[in-house]
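One structure is given here, and the rest of the page talks about it.
Heads up: numbering here begins at 1 and tracks the sequence. Only heavy atoms go into these numbers, but all of them, side chains included; no hydrogens, no water, no symmetry mates.
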Amino acid sequence: MSPNPRASELYATTQIMPSILSSDFAKLGEQVAQVMDAGARVIHVDVMDGHFVPPITIGPLIVSALADQVHDAGGVLDVHLMIEQPDRQVEEFTKAGADAVSFHIEATPHVNRVVNQIREGGALAGIVLNPGTAVTAVAGAFEDIDFALCMSVNPGWGGQPFIEESLSRLQALRAMLPERHALQVDGGIDPDRAPLVRAAGANMMVAGSAIFGRADPAAAFRAIADAASS
Ligand code: DX5
Ligand code: ZN
């Protein structure tokens with residue numbers, strides 16, 4: 001199955017991706033509508049299994065619950081799997097409506113198998129690197145993937161401080177990745193950090209607490225988007 005053309009289009013542009021991890025789950029649809037009305041087009045979904053990282057968060061049911069709303073508003077769903085054995089779960093997420101799926105290179109010895117599963121499900125495929133993983137780890141998979149995600153915090157929780165070394169890691173990744181590949185960054189992004197990670201080569205920035213942790217998520221989204229394009 002070929003990927004959603006809307007996703008391929010959006011991943012070639014600068015995007016702030018609101019992470020629903022920090023949203024009010026009792027008002028999830030409403031909060032997603034607020035940030036999409038403010039211009040968000042890529043909604044980031046953090047899936048944690050209680051093994052790869054300690055917390056347990058959400059699964060394909062939430063992706064499926066949001067899929068029509070997000071697609072009808074011209075957006076896409078970006079699913080970040082922080083789980084062990086991602087090969088067991090990918091299909092559930094692509095069936096549920098994920099337009100892009102990323103998984104941690106530390107979580108599986110079967111990188112190419114997982115990438116192929118994601119592609120077969122009609123989604124863009126991304127590899128995620130923890131802050132402690134050498135950026136060269138992704139080198140063997142370049143040709144197969146659509147994007148890389150550089151963690152700028154250790155995965156597991158929203159609201160952690162940005163790790164400064166991430167800027168040089170982003171620069172190194174951008175220099176290694178083919179031009180057509182998107183580069184995402186995740187963790188500790190706010191209006192101050194956004195222009196710095198943009199300058200270091202990231203075109204897609206996840207922001208959780210700096211959007212949904214604020215009283216006005218739409219205004220908070222716009223503040224980061226403005227800062228990223230300044
Ligand atoms: C952390 C998650 C992030 C998280 C980021 O493990 O992958 O996507 O939501 O949250 P902030 O933006 O608050 O650092
Ligand atoms: Zn994430």
Side-chain angles (χ1 to χ4, degrees), residues 16-32 34-35 40 42-67 70 77-111 114 117-118 123 125-133 137 147-163 165-166 169 184-190 193 197 204-214 217 220-221 224:
I16 309 303
M17 301 183 282
S19 162
I20 61 169
L21 183 65
S22 295
S23 69
D24 177 348
F25 280 88
K27 300 179 186 161
L28 184 56
E30 204 180 300
Q31 296 223 310
V32 167
Q34 281 173 12
V35 292
V42 186
I43 301 298
H44 184 80
V45 181
D46 286 306
V47 177
M48 306 188 194
D49 65 353
H51 293 275
F52 182 69
V53 289
I56 295 174
T57 58
I58 55 187
L61 285 177
I62 297 288
V63 172
S64 156
L66 288 175
V70 170
L77 284 159
D78 176 276
V79 172
H80 173 193
L81 298 178
M82 285 160 276
I83 64 175
E84 286 175 5
Q85 298 185 288
D87 48 310
R88 288 185 174 192
Q89 305 294 337
V90 163
E91 196 181 347
E92 288 299 314
F93 285 94
T94 54
K95 276 188 185 159
D99 301 286
V101 177
S102 60
F103 64 97
H104 278 258
I105 201 162
E106 305 86 5
T108 177
H110 310 299
V111 170
V114 184
Q117 286 179 318
I118 297 171
I127 288 181
V128 193
L129 300 174
N130 273 339
T133 301
F147 64 100
L149 195 179
C150 178
M151 291 305 299
S152 41
V153 299
N154 281 289
W157 296 271
Q160 304 179 78
F162 180 87
I163 298 171
E165 290 78 18
S166 310
R169 289 169 57 77
Q184 302 186 338
V185 61
D186 185 359
I189 304 299
D190 60 14
R193 296 278 171 226
V197 294
M204 305 184 78
M205 300 150 221
V206 177
S209 54
I211 294 178
F212 292 115
R214 301 293 145 90
F221 170 84
I224 301 174

Shortest non-hydrogen separation from T94 to I118 and the atoms involved:
CG2-O, 4.1 Å
Within the 4.5 Å heavy-atom criterion, are H44 and P18 side-chain neighbours or not?
no
Taken in chain and number order and not counting sequence neighbours, the residues that satisfy side chain to side chain donor-acceptor pair (under 3.5 Å) with S19 are D46
Just by distance, no angles: are the side chains of Q85 and D49 close enough, under 3.5 Å, to form a donor-acceptor pair?
no
Could you check V47 against F93 for side-chain contact (heavy atoms from CB on, under 4.5 Å), going step by step and ending with a plain yes or no?
CA-CA 10 Å; V47 177; F93 285 94; 3.6 Å; yes
Report the C-alpha distance between F212 and V35 in whole Å, list the side-chain angles of each, state the deciding distance to 0.1 Å, and finish with yes or no for side-chain contact (heavy atoms from CB on, under 4.5 Å).
CA-CA 9 Å; F212 292 115; V35 292; 3.9 Å; yes
Interatomic distance, I58 atom CD1 to L66 atom CG [nearest 0.5 angstrom]:
8.0 Å
Shortest non-hydrogen separation from Q31 to P217 and the atoms involved:
NE2-CG, 4.3 Å
Nearest-0.5 Å distance, CD1 of residue I211 to CE of residue M17:
10.0 Å
Do Q89 and I83 make a side-chain contact, defined as non-hydrogen atoms from C-beta onward lying under 4.5 Å apart?
yes
For L77, does its backbone N or O pair with a side-chain atom of D99 as donor and acceptor, under 3.5 Å?
yes
With a 4.5 Å heavy-atom cut-off, do T57 and L21 have their side chains touching?
yes
Residues in side chain to side chain donor-acceptor pair (under 3.5 Å) contact with D24, at least two apart in sequence or another chain:
none
With a 4.5 Å heavy-atom cut-off, do F162 and D190 have their side chains touching?
no
Which atom names give the shortest non-hydrogen contact between V79 and A98, and what distance separates them?
CG2-CB, 3.6 Å
Where S166 and M151 come nearest, the two heavy atoms and their spacing:
OG-O, 4.1 Å
Main-chain N/O of N154 paired to Q160 side chain as donor or acceptor, under 3.5 Å
yes
Under the rule for side chain to side chain contact (heavy atoms under 4.5 Å, CB included), what residues qualify as partners of E92, not counting sequence neighbours?
P60
Report the residues that fulfil ring pair (Phe, Tyr, Trp, His ring centres under 6.0 Å) with F147, sequence neighbours left out, ordered by chain and then residue number.
Y11
With a 4.5 Å limit on heavy-atom distance, are the side chains of F52 and P86 in contact?
no
Dump the intermediate steps for side-chain contact (heavy atoms from CB on, under 4.5 Å) on L149 and I127, then the final yes or no.
CA-CA 6 Å; L149 195 179; I127 288 181; over 6 Å; no
Least distance between heavy atoms, P155 atom then V53 atom:
O-CG1, 3.5 Å
Who passes side chain to side chain donor-acceptor pair (under 3.5 Å) against K95, sequence neighbours left out?
E91
Once rounded to the nearest 0.5 Å, what's the spacing between atom CD of Q34 and atom NZ of K27?
8.5 Å
Hey, are the side chains of V206 and I189 touching, using non-hydrogen atoms and a 4.5 Å cut-off?
no
Name each donor-acceptor pair under 3.5 Å that joins a side chain in residues 102-109 to protein atoms two or more places apart or in another chain, with its distance.
from, atom 1, to, atom 2, distance (Å)
H104, ND1, E106, OE1, 3.0
H104, ND1, N130, OD1, 3.4
H104, NE2, H80, NE2, 3.0
E106, OE2, N130, N, 2.7
E106, OE2, T133, OG1, 2.6
T108, OG1, H110, N, 2.8

Supply the atom-to-atom distance F221 CZ to R214 CZ, rounded to the nearest 0.5 angstrom.
14.5 Å
Taking the side chain from S152 and the backbone from G187, do they hold a donor-acceptor pair closer than 3.5 Å?
yes
Value rounded to 0.5 Å, distance of CD1 in I62 from CD1 in I20
6.5 Å
G188 and V153: which non-hydrogen atoms are nearest, and at how many Å?
N-CG1, 4.0 Å
Measuring from atom CG of L129 to atom CZ of R169, what distance do you get when rounded to the nearest 0.5 angstrom?
6.0 Å
Tell me, do V185 and M205 make a side-chain contact under 4.5 Å, heavy atoms counted?
yes
Going through the checks in order, is the side-chain contact (heavy atoms from CB on, under 4.5 Å) test met by V128 and Q184?
CA-CA 9 Å; V128 193; Q184 302 186 338; over 6 Å; no
